[in-house]
There are 2 protein chains.
Amino acid sequence: MTNIDLNVNKARIFCEKKGARFTTLREKVYALLLQQDGAIGAYELLDSLKLTESAAKPATVYRTLDFLLEFGLVHKLESTNAFVACHHFDCNHPVQFLICDSCGEVQEIQSLGLKDTLDKQAMSVGFKVAKQTIEAHGTCAACK
Amino acid sequence: MTNIDLNVNKARIFCEKKGARFTTLREKVYALLLQQDGAIGAYELLDSLKLTESAAKPATVYRTLDFLLEFGLVHKLESTNAFVACHHFDCNHPVQFLICDSCGEVQEIQSLGLKDTLDKQAMSVGFKVAKQTIEAHGTCAACK
DNA sequence: GGATAAGTGTTATTATTTATCAGTCAACTC
DNA sequence: GAGTTGACTGATAAATAATAACACTTATCC
C-alpha cells in the first residue's frame with residue numbers, strides 16, 4: 001500500500017468521524033493533490049482530474065476544493081493561488097508555509113510560537129485574529 | 001493642505017531621490033489608494049481612475065501598481081487580491097497586515113520580532129526566506 | 001537635435017473564481 | 001421499501017483578476 005493510499009484512508013476515516021461524505025470525486029482530487037510535490041493550481045488540477053473524470057469542469061474542482069479546505073485536508077496558498085494537500089489534518093495545528101521559488105517545493109511548518117506572536121501583536125492594538133495567512137518565499141535547503 | 005497631499009508630496013520626493021519618475025498617472029493612482037479606508041481591488045481602482053482618466057484600462061492600473069509595489073508605496077494583500085497604500089515607505093520595515101472582516105479596515109503593523117521569528121523558524125529547516133506574506137483576518141478594535 | 005529608454009495607449013487573451021439551475025444520489029422517515 | 005429531504009454533481013455562463021504584445025509618445029542623456 002502506497003503512502004498516498006495510507007493518507008487517503010486516513011482522510012476517509014477522518015471524514016466519517018466528522019459526518020462528512022468522502023465521495024469518489026473528493027477522494028480522487030485529494031489523491032491528486034497528495035501525489036503532487038508542491039502546490040498546484042486549480043486548472044492544472046482540473047487537467048489531471050479530467051484524465052479519469054472527463055466531465056470535470058472548473059466548478060467541479062472548486063467545489064471539491066471548498067470541501068477539502070473546509071475540513072482542513074487541503075490548504076490554499078494565497079500568494080500563488082495554488083492548493084496543497086495537508087498530511088496531518090487530524091492534529092489541530094496552526095499552519096505556515098515555506099515555498100521554494102526555485103524548485104516549487106512547499107514545506108508546511110506548524111509553529112505555535114509564530115501563531116502566538118502574531119495573535120499577541122494584533123491583540124496589542126485591539127485586533128482579534130480569526131485566521132492567519134503566513135507564507136514565506138525563498139530557497140529551500142536542497143536548492144541552496 | 002490635506003493629509004493625502006502631504007503623503008503624495010512625500011512620495012514624490014521619495015521617488016526623485018530614487019531616480020524614479022512619479023508621473024501624473026502614478027500620482028493619481030497613489031492618491032486614490034491613499035484616500036481609501038481599506039484595501040481596494042484593481043478593477044475597483046480602475047473605475048475610480050476612469051473618472052479622471054477615461055482612457056484607463058486594466059493594463060494601465062496593473063502597470064502603475066507594479067511601479068508602486070516595486071518602490072514600496074503600495075502593498076498587495078495576497079489573501080484578498082487587493083491593494084493598499086503604504087504611509088511609511090521611507091522607513092525600511094517588515095510589514096504585516098490586520099484585515100478587519102467586519103469593516104474592511106486594513107491596519108499595517110511592522111513587527112521586527114514577527115519577521116525574525118519566521119526567518120528563524122525557516123532557517124531551522126534550512127530554508128532561506130526572501131519574502132514574507134503575513135496577513136491576519138479578524139475583528140478590529142472598533143468593531144468589537 | 002537625435003538616440004535611447006521609459007512610460008503609456010490599445011487590443012486581446014489568459015487565469016482564477018463564482019453563480020445558477022437542473023438532475024442525481026444518499027440517508028432518513030414512515 | 002416508497003417517498004421525502006438534503007447533499008452532491010453536471011452543465012452553462014459569467015464575473016473577477018492578471019498578463020501579453022505591439023504601437024505610440026515622452027523624458028532623458030549625449
Side-chain angles (χ1 to χ4, degrees), chain A residues 11-12 15-33 39-71 73-84 104 133 135, chain B residues 11-12 15-33 36 38-71 73-84 104 133 135:
Chain A
R12 181 179 301 110
C15 285
E16 276 167 11
K17 216 178 295 180
K18 295 245 177 185
R21 285 170 55 197
F22 197 56
T23 64
T24 309
L25 184 61
R26 290 165 178 176
E27 178 175 327
K28 277 186 181 177
V29 169
Y30 182 59
L32 284 173
L33 283 163
I40 182 176
Y43 274 73
E44 210 182 328
L45 183 59
L46 176 58
D47 287 340
S48 301
L49 184 61
K50 273 183 179 162
L51 297 178
T52 62
E53 295 278 318
S54 56
K57 302 268 174 341
T60 315
V61 167
Y62 278 102
R63 268 196 302 230
T64 309
L65 285 171
D66 280 345
F67 171 87
L68 297 172
L69 286 167
E70 184 185 346
F71 286 91
L73 298 172
V74 161
H75 299 295
K76 178 175 185 185
L77 302 186
E78 299 291 351
S79 62
T80 54
N81 297 319
F83 301 87
V84 60
T133 298
E135 300 172 10
Chain B
R12 180 179 303 111
C15 285
E16 276 166 11
K17 214 180 297 180
K18 295 247 177 182
R21 286 169 56 196
F22 198 55
T23 64
T24 310
L25 184 60
R26 290 166 178 174
E27 178 175 328
K28 276 187 180 176
V29 170
Y30 182 59
L32 284 173
L33 282 163
Q36 199 66 23
I40 182 176
Y43 278 74
E44 208 182 331
L45 182 59
L46 175 58
D47 287 340
S48 301
L49 183 60
K50 274 183 179 163
L51 297 178
T52 62
E53 295 277 320
S54 56
K57 302 269 176 342
T60 315
V61 168
Y62 280 102
R63 268 196 301 230
T64 308
L65 286 171
D66 279 346
F67 171 86
L68 297 171
L69 286 167
E70 183 184 346
F71 286 90
L73 298 171
V74 162
H75 298 296
K76 177 175 185 186
L77 302 186
E78 299 291 350
S79 62
T80 54
N81 296 319
F83 301 86
V84 61
T133 299
E135 299 172 11

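Below, chains carry the letters A, B, ... as their sequence lines are ordered, and counting in each starts from 1. Note that these values count all heavy atoms, side chains included, but never hydrogens, waters or copies made by symmetry.
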Sugar-phosphate, base or nothing in reach of A/Thr60, heavy atoms under 4.0 Å: sugar-phosphate
Sugar-phosphate, base or nothing in reach of A/Ala56, heavy atoms under 4.0 Å: nothing
Presence of A/Lys57 side-chain N/O under 4.0 Å of D/dA11 phosphate oxygens OP1/OP2: yes
Axis-to-axis angle between the two ends of the helix from C/dG1-D/dC30 to C/dC30-D/dG1 (five base pairs per end, rounded to 10 degrees): 30°
A/Leu32 side, atom CG; A/Leu51 side, atom CG - distance, nearest 0.5 Å: 8.0 Å
For residues 42-50 of chain A, dump all side-chain donor-acceptor pairs below 3.5 Å to protein atoms at least two apart in sequence or in another chain.
unit_1: A/Ser48; atom_1: OG; unit_2: A/Glu44; atom_2: O; d: 3.4

Which nucleotide in C/dG7, D/dT12, C/dA26 has an atom nearest any side-chain atom of A/Arg21: C/dA26
Whole angstrom value for the distance that separates P of D/dT16 from OH of B/Tyr62: 12 Å
Closest-nucleotide 5' rank along DNA chain C - winner of B/Thr23 and B/Asn81: B/Thr23
Rounded distance in Å - CG (B/Asp66) to P (C/dA6): 15 Å
Result block: side-chain N/O donor-acceptor pairs under 3.5 angstrom for residues 15-24 of chain A, not counting sequence neighbours:
unit_1: A/Thr23; atom_1: OG1; unit_2: A/Arg26; atom_2: N; d: 3.4

Side chain of B/Phe83 (C-beta onward), nearest among C/dA6, D/dA11, D/dA18: D/dA18
A/Phe67 or A/Ala59, whichever maps to the more 5' nucleotide of DNA chain D: A/Phe67
Nucleotide D/dC8, atom C1' - distance to CG of A/Leu65 in whole Å: 15 Å
Interatomic distance, A/Leu68 CG vs D/dC8 C1' [rounded to whole Å]: 14 Å
Report, one line per pair, each donor and acceptor closer than 3.5 Å where one atom sits in a side chain of residues 55-71 of chain B; sequence neighbours left out.
unit_1: B/Lys57; atom_1: NZ; unit_2: B/Ala55; atom_2: O; d: 3.1
unit_1: B/Thr60; atom_1: OG1; unit_2: B/Lys57; atom_2: N; d: 2.8
unit_1: B/Thr60; atom_1: OG1; unit_2: B/Lys57; atom_2: O; d: 3.1
unit_1: B/Thr64; atom_1: OG1; unit_2: B/Thr60; atom_2: O; d: 2.7

Distance in angstrom units between A/Arg63 CZ and D/dA13 P, rounded: 16 Å
Residue pair B/Glu78 / B/Thr133, side-chain donor-acceptor N/O under 3.5 Å: no
Interface with DNA chain D, restricted to residues 40-54 of chain B and to heavy atoms under 4.0 Å: B/Tyr43
Whole-Å gap separating C1' (D/dA27) and CG (B/Leu25): 15 Å
Nearest-neighbour nucleotide for the B/Pro58 side chain, C/dG7, D/dT19, C/dT17 considered: D/dT19
Nearest-Å distance for atom pair CG/C1', residues A/Leu69 and C/dT18: 15 Å
Chi angles and distances behind the side-chain contact (heavy atoms from CB on, under 4.5 Å) call for B/Lys76, B/Asn81: CA-CA 7 Å; B/Lys76 177 175 185 186; B/Asn81 296 319; 4.1 Å; yes
Partner set under side-chain hydrogen bond (donor to acceptor under 3.5 Å, both in side chains) for B/Glu53, not counting sequence neighbours: B/Lys28
Distance in angstrom units between A/Arg26 CZ and D/dG10 C1', rounded: 14 Å
